[in-house]
Amino acid sequence: MANAFHYSIGRKFIQAVSGAFLIIFLGLHVTINFFSVIDSFTGRFGDPDGLFALGCDFMSLPIVTIMVPVLALGFIVKRYEAGRKGAADSWASQNMFVLGIIILGILFIHLTHFWANMQLQDFMGAERVDPYLLLVNYFGRWWILLLYIIWFVAIWFHLTHGFWSMFHTVGWDNGVWFKRLKVIGIVVATLIVLAFIIVALNGFFQAQALM
């Protein structure tokens, strides 16, 4: 009984910590990607010394390069512990399996295109693709843009459920904080996903401008 209790506590702690790291990483990732939008408005889009290029240099650090597939794996093994209350009033909690398939499917495409052509190339000492060209060549196709928007929406649902569920897992789920955490989760997820969508749209428009 004691071993089962400690196992449950340990499992919940790991789930909470992995969820926190995932949200932090997504925030960092979208911030660096958003540098490409800033570069577009400052006339430095395509500049090897632009903010986006410098951000990609940071993302190519060995520790960050390794974290990407590890966190991607976290989407597979992550199971948020949601109570009956959450399951009853959250569409996302009732459709996590479908959302998971969408997220993992496009995540695989994302990793084989961006991570494999940039961070992995740097990690292996090979020449990576120019990040600006990679961005416009990829998002310049409308169906890729649409696919990613669907992916971002799925991530939004996943995050809105996962944010408050992360706190619920460790027992921070009283009536007052439960409602507050759900609102905070919606705000955080919306900001992250909206920024990702703006990045993708900007890549599409930059591609059209180069035609």
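- Atom CD1 in I155 sits 9.5 Å away from atom CD1 in I197 (nearest 0.5 Å).
- Between the side chain of R44 and the backbone N or O of L51 there is no donor-acceptor pair closer than 3.5 Å.
- In terms of heavy atoms, L133 sits closest to D130 at N-OD1, 3.0 Å.
- Contact annotation: the side chain of M118 never approaches that of M59 to less than 4.5 Å [non-hydrogen atoms, C-beta and beyond].
- Between Y148 and the options W143, F196, F139, a ring pair (Phe, Tyr, Trp, His ring centres under 6.0 Å) holds for only F139.
- No chain of hydrophobic side-chain contacts below 4.5 Å, direct or via other Ile, Leu, Val, Met, Phe, Trp or Tyr residues, connects F157 to L191.
- The hydrophobic cluster containing V187 does not contain L194, counting ILVMFWY residues as joined when their side-chain heavy atoms lie under 4.5 angstrom apart, directly or transitively.
- Considering every non-hydrogen atom in both A53 and P48, the closest pair reads CB-O, 3.3 Å.
- The side-chain heavy atoms of Y138 and N117, taken from C-beta on, include no pair separated by under 4.5 Å.
- Hydrophobic clustering of Ile, Leu, Val, Met, Phe, Trp and Tyr side chains at less than 4.5 Å, counting indirect connections, unites L146 with W151.
- Looking at D39 and Y132, their side chains do bring a donor and an acceptor atom within 3.5 Å of each other.
- Grouping the Ile, Leu, Val, Met, Phe, Trp and Tyr side chains by contacts below 4.5 angstrom, directly or via other members, places L54 apart from L135.
- Each of V183, T190, I184 was scored for a side chain to side chain contact (heavy atoms under 4.5 Å, CB included) with I186, with one residue passing: T190.
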CA sep, side-chain torsions, deciding dist, call: L26, L159, side chain to side chain contact (heavy atoms under 4.5 Å, CB included) = CA-CA 10 Å; L26 285 175; L159 287 179; 3.9 Å; yes
List, one per line, each side-chain donor-acceptor pair under 3.5 Å for residues 199-211, sequence neighbours excluded.
{"residue": "N202", "atom": "OD1", "partner": "S40", "partner atom": "OG", "Å": "3.3"}
{"residue": "N202", "atom": "ND2", "partner": "S40", "partner atom": "OG", "Å": "3.0"}
{"residue": "Q206", "atom": "NE2", "partner": "S40", "partner atom": "OG", "Å": "3.2"}
{"residue": "Q208", "atom": "NE2", "partner": "G140", "partner atom": "O", "Å": "3.3"}
{"residue": "Q208", "atom": "NE2", "partner": "F204", "partner atom": "O", "Å": "3.4"}

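- At least one side-chain heavy atom of L147 sits less than 4.5 Å from a side-chain heavy atom of I109.
- L134 is listed as a side-chain neighbour of H113, based on a closest heavy-atom distance under 4.5 Å.
- Here the shortest heavy-atom pairing between A116 and T112 reads CB-O, 3.4 Å.
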Kindly determine whether L61 and Q119 satisfy side chain to side chain contact (heavy atoms under 4.5 Å, CB included), including the steps that lead there.
-> CA-CA 8 Å; L61 293 174; Q119 293 168 283; over 6 Å; no
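- Looking at heavy atoms from C-beta onward, I192 lies in side-chain contact with V188 at the 4.5 angstrom threshold.
- Here the side chains of F45 and V136 are in contact, with some heavy-atom distance below 4.5 Å.
- Taken to the nearest 0.5 Å, the CG atom of L28 stands 14.0 Å off from the CD1 atom of I23.
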